[in-house]
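Worksheet: the structure to be examined is printed underneath.
Owing to the predicted nature of the structure, the values given are computational and were not obtained by experimental measurement. Note that the numbering runs from 1 along the sequence shown for the chain.
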Amino acid sequence: QVQVVESGGGLVQAGGSLTLSCAASVRTNRNNAMGWLLQVRVKEREFVTTITWSGVSTHYADSVKGRFTISRDNAKNTQYLQMNSLKPEDTAVYYCAAGSTMATMASLYDYWGQGIQVTVSS
């Protein structure tokens, strides 16, 4: 069983930056990739970005390209999401997830964190 724990988040003004962290308890063949997805109220979870365990490959949603950067520190089993130039529409609950492969669909991730609120004020 893989446990995923997020940290960071909070309230920031538009144009500001935040960094989210996500630690995985263990490495297995079911968490070869990790990602971030967001959810606004009762809407479906939307893909933000994903990265392979090695950190070599990444993929971003068009809405965050050039503003968000995903990275990994394998020594700490931790991934990071650096969020720059934040916009009010980035306001959401952000979830860290782990799966066997890079994916944009929430259903393809096997393990989830509890979610962390990011609020961007205008």
* Check against side chain to side chain donor-acceptor pair (under 3.5 Å), Ser17 and Asn84 -> CA-CA 4 Å; Ser17 298; Asn84 297 328; 2.9 Å; yes
* Could you walk me through whether Leu20 and Glu6 pass the side-chain contact (heavy atoms from CB on, under 4.5 Å) check? -> CA-CA 7 Å; Leu20 306 182; Glu6 304 114 333; over 6 Å; no
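Of all heavy-atom pairs spanning Ala97 and Leu37, the tightest one is CB-CD1, 4.1 Å. The nearest pair of heavy atoms linking Ala23 to Thr78 is CB-OG1, 3.8 Å. Across all their heavy atoms, Val4 and Gln114 have their closest contact at O-OE1, 4.1 Å. When all heavy atoms of Asn32 and Ser100 are compared, the pair lying nearest together is CB-O, 3.2 Å. Residues Thr50 and Ala33 come closest through the heavy atom pair OG1-CB, 4.3 Å. Residues Ala24 and Val2 approach most closely at CB-CG1, 4.3 Å, considering heavy atoms.
Using modelled atom types, one finds no donor on one side chain facing an acceptor on the other under 3.5 Å when comparing Gln79 with Arg72. Side-chain atoms of Thr19 and Gln82 form a donor-acceptor pair, as typed in the model, at a separation below 3.5 Å.
In the hydrophobic clustering of ILVMFWY residues, with side-chain heavy atoms under 4.5 Å counting as a link, Tyr94 and Val12 come out together. Each of Val64 and Met102 belongs to its own hydrophobic cluster when Ile, Leu, Val, Met, Phe, Trp and Tyr are linked at side-chain heavy-atom distances under 4.5 angstrom. Linking Ile, Leu, Val, Met, Phe, Trp and Tyr whenever their side-chain heavy atoms come within less than 4.5 Å puts Val48 and Leu86 in one cluster. In this structure, Met105 is not a member of the same hydrophobic cluster as Trp112, with clusters built from ILVMFWY side-chain heavy atoms closer than 4.5 Å.
Judged purely by atom type and a 3.5 angstrom limit, Tyr60 uses its side chain to pair as donor or acceptor with the backbone of Ile70. Without hydrogens or angle criteria, Ser122 side chain to Pro88 main chain gives no donor-acceptor distance under 3.5 Å. Judged purely by atom type and a 3.5 angstrom limit, Glu46 has no side-chain atom pairing as donor or acceptor with the backbone of Leu38.
The aromatic rings of His59 and Phe47 sit parallel, their planes meeting at an angle under 30°, below the 60° perpendicular limit.
Taking CD1 from Ile51 and CH2 from Trp36, the interatomic distance works out to 11.5 Å, rounded to the nearest 0.5 Å. Note that OG of Ser25 and CG of Asn77 are 8.0 Å apart. Values are rounded to the nearest 0.5 Å. Atom CD of Gln13 is separated from atom OG of Ser121 by 5.0 Å, given to the nearest 0.5 angstrom. Note that CZ of Phe68 is 14.5 Å distant from OG1 of Thr58, once rounded to the nearest 0.5 Å.
Taking 4.5 Å as the limit, every side-chain heavy atom of Gln117 sits out of range of all side-chain heavy atoms of Leu11. Gln3 has its side chain out of reach of Tyr111: every pair of non-hydrogen atoms, C-beta onward, lies at least 4.5 Å apart. In this structure, Tyr95 and Arg45 have side chains that are in contact, with non-hydrogen atoms separated by less than 4.5 Å.
With respect to Lys65 and Asp62, a salt bridge is recorded, a charged nitrogen being found less than 4.0 Å from a carboxylate O.
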